[in-house]
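When a ligand or atom number is given, it counts from 1 through the structure's own listing order. No hydrogens, no waters, no symmetry mates; every other heavy atom, side chains included, goes into these values.
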Amino acid sequence: MLPNWPLAAQTEEHALLMQSIVDPFCASQLAPFAKEFDATGNFPQEAVTVAGSLGLMGMMVDPTSGGAGLDTVAYCLALEAIASHCASTAVILSVNNSLVCGPLEHFGSPWQKETFLTPLAAGKKLGCFALSEPGAGSDPAHLRLRATKKADGSYVLNGTKNWITNGKEADIAIVFATLDPALKHKGIAAFIVPTKTQGFTVSKLEDKLGITASSTAQLFFDDVGIPSTHLLGTEGEGLKIALHTLDGGRIGIASQALGIALAAFEASKRFVLEREQFGAPLAKLQAIQFFIADMAVRLQSARLLTFAAAELKDAGKPYSKQAAMAKLAASEAAMWITTKAIQVHGGYGYTKDYPVERHFRDAKITEIYEGTSEIQRLVIAANELIP
Ligand code: CAA
């Protein structure tokens, strides 16, 4: 499901991708089951497996590394459509695509790409991005998970990571650790950690307001031994890898937010055209028309910002500020639109008989993960205020 609002960035290839792959995937794997995924909190394994077989787990990865070789605009279109049906599946895919395949493709050695990226991009393995910690959420420069370098060049990891999407199911984790806290962010390194490594455990699963079918885990590292070949980039480069990766991730979360908002918008339109009060459909009331108009404007404004960021990324130009603007606008639009969607549904909107309460619960996280709205404002202001 996408709005009938053509964007300059959309090409015939994008339309073909949507018609031949994404829409059938949504119709067969998500639309009939999204409500159940939400109610049970069960990981949508079948949908993720099918997504992998369709190239949706490594959409932007080069085909030489097992990916679909699509551009970021295609990724946005696909994620928006997927999120309009199931926000949990959207974030599972977004993390694997943006936060795991992304840094492996950009910073990985040929061996790392062949060994880790290829199965991740093909959907044969699932990844997670382990940056946040109990004491380091918005401020990852002060993370405490400790990497100790041994005489043979290998590393040992000790510590805890929090709020890790896909943490329960992941085969491979991109883990950020400090070699020396005194060096502040220049002491941080990124490691590729197979989750079957001894000492790695999932210590807690969060019970969440929304996106219930995607796991959010606490990970515990107890003397986890990692060979030197698993260092991603160089020692001291870890925070830059994380922040560079999050720039791309934020475009994905903006698209997820757009999809959630779109679903609430479409549900609201259907409802107000059908539901009669005062002898006429709700859609005849000017107050309701204002809600619908404001939803449309916020949704389309956020879409334009999101696709502008995607186009810059595809053009190889700086896009950090635009990604932050897109995520800020799209997540706040999603929260506003889903709130108003419940309002136009009245009492029905507050029940589980209608989908808008799920969209409302799912929307909230988009204002929090991959950088809160306040962090996006800091990134935007820092870019605007460069002397
Ligand atoms: N790309 C690459 N490098 C960057 C960068 C970027 N976008 N932004 C900054 N850097 C570099 C800087 O150049 C600097 O390096 P040098 O000292 O060598 O020049 C270094 O990183 C530190 O920069 P700052 O001093 O500006 O960084 P900071 O510590 O003040 O933090 C921040 C800035 C914007 C607050 C940043 O910390 C941030 O974005 N925080 C939010 C973190 C976040 O989004 N967490 C989400 C967790 S992941 C998640 O949610 C995953 C999930 O499972 C869904």
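- Centroid-to-centroid, the aromatic rings of Phe200 and Phe220 stay 6.0 Å apart or farther.
- Between His230 and Phe116, the distance separating the two ring centers is shorter than 6.0 angstrom.
- For the residue pair Ser203 and Gln218, a side-chain donor N or O sits within less than 3.5 Å of a side-chain acceptor on the partner.
- In terms of N/O distances under 3.5 Å, ligand 1 is not approached by Phe129.
- Put simply, the residue from Glu357, His359, Lys364 that forms a side-chain contact (heavy atoms from CB on, under 4.5 Å) with Arg361 is Glu357.
- The shortest heavy-atom distance from Arg250 to ligand 1 is under 4.0 Å.
- Counting heavy-atom neighbours within 6.0 Å of Lys208 NZ, excluding the residue itself, gives a total above 12.
- Looking at Ile253 against ligand 1, nothing comes within 4.0 Å, counting heavy atoms.
- By the definition of a contact as any protein heavy atom under 4.0 Å away, atom 3 (N) of ligand 1 is in contact.
- Looking at Ile92 and Pro44, their side chains come closer than 4.5 Å, going by heavy atoms from C-beta outward.
- Less than 4.0 angstrom separates some heavy atom of Ala141 from each of these atoms of ligand 1: 29 (O).
- Within the set Ser215, Gly236, Ala217, Gly137, the minimum heavy-atom distance to atom 45 (N) of ligand 1 is found for Gly137.
- Protein heavy atom nearest atom 53 (O) of ligand 1, with residue, atom name and distance: Thr165 OG1, 2.9 Å.
- In terms of polar-atom proximity, defined here as any N/O pair under 3.5 Å, Asp139 makes no such contact with ligand 1.
- Within the 4.5 Å cutoff, no side-chain heavy atoms of Ile174 are placed close to those of Phe191.
- There is no protein heavy atom less than 4.0 angstrom from atom 32 (C) of ligand 1.
- Taking every heavy atom of Ser320 and a limit of under 4.0 angstrom, the matching atoms of ligand 1 come to 7 (N).
- At a 4.0 Å cut-off, at least one heavy atom of Leu99 sits close enough to ligand 1 to count as contact.
- Counting the atoms of ligand 1 from 1 in the order shown, those under 4.0 Å from a heavy atom of Lys186 are 16 (P), 17 (O), 18 (O).
- Under a 3.5 Å cut-off, the side chain of Asn158 and the backbone N or O of Arg146 do not form any donor-acceptor pair.
- Contact annotation: the side chain of Glu237 approaches that of Phe107 to within less than 4.5 Å [non-hydrogen atoms, C-beta and beyond].
- Nearest non-hydrogen protein atom to atom 41 (C) of ligand 1 is Ser138 O, 3.4 Å.
- Ranking the protein heavy atoms by distance from atom 34 (C) of ligand 1 puts Val379 CG2, 3.6 Å first.
- Looking from atom 7 (N) of ligand 1 to the surrounding protein, the closest heavy atom is Asp247 OD2, 2.8 Å.
- For a threshold of 3.5 Å applied to N or O pairs, the pair formed by Lys240 and ligand 1 contains at least one separation below that value.
- Side-chain contact, Thr49 with Glu46: no donor N or O sits under 3.5 Å from an acceptor N or O.
- Scanning the protein heavy atoms around atom 50 (O) of ligand 1, the nearest turns out to be Glu370 N, 2.9 Å.
- Taking a 4.0 Å cut-off on heavy atoms, Leu378 fails to register as neighbouring ligand 1.
- When side chains are defined from C-beta on, Ser373 counts as touching Glu367, because their heavy atoms get closer than 4.5 Å.
- With respect to atom 37 (O) of ligand 1, the closest heavy atom belonging to the protein is Pro140 CD, 3.3 Å.
- The presence of a protein heavy atom under 4.0 Å from atom 28 (P) of ligand 1 is ruled out.
- Given atom 1 (N) of ligand 1, the protein heavy atom at minimum distance is His244 N, 3.4 Å.
- Per-atom contact check: atom 25 (O) of ligand 1 does not touch the protein, criterion being a heavy-atom distance below 4.0 Å.
- Contacts between Ser132 and ligand 1 below 4.0 angstrom, taking non-hydrogen atoms only, involve the side chain exclusively.
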| field | Residues Ser65, Lys113; criterion side-chain hydrogen bond (donor to acceptor under 3.5 Å, both in side chains); working and verdict | value | CA-CA 7 Å; Ser65 294; Lys113 287 184 190 176; 5.8 Å; no
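- Atom 36 (C) of ligand 1 has Leu243 CD2, 3.7 Å as its closest protein atom, hydrogens excluded (heavy atom only).
- Residues satisfying the salt bridge (charged side-chain N to carboxylate O under 4.0 Å, His left out) test with Asp314, not counting sequence neighbours, are none.
- Contacts between His185 and ligand 1 below 4.0 angstrom, taking non-hydrogen atoms only, involve the side chain exclusively.
- Between Tyr354 and Tyr348, the angle of the ring planes lies from 30° to 60°, which puts this pair in the tilted group.
- Side chains of Gln256 and Tyr369: a donor on one and an acceptor on the other come within 3.5 Å.
- Listed by number with element, the atoms of ligand 1 under 4.0 Å from a non-hydrogen atom of Trp163 are 53 (O).
- The contact set between ligand 1 and Ile375, taken as ligand atoms under 4.0 Å from a residue heavy atom, comprises 35 (C), 38 (C), 39 (O), 40 (N), 41 (C).
- Separation of the Phe176 and Phe129 ring centroids falls under the 6.0 Å cut-off.
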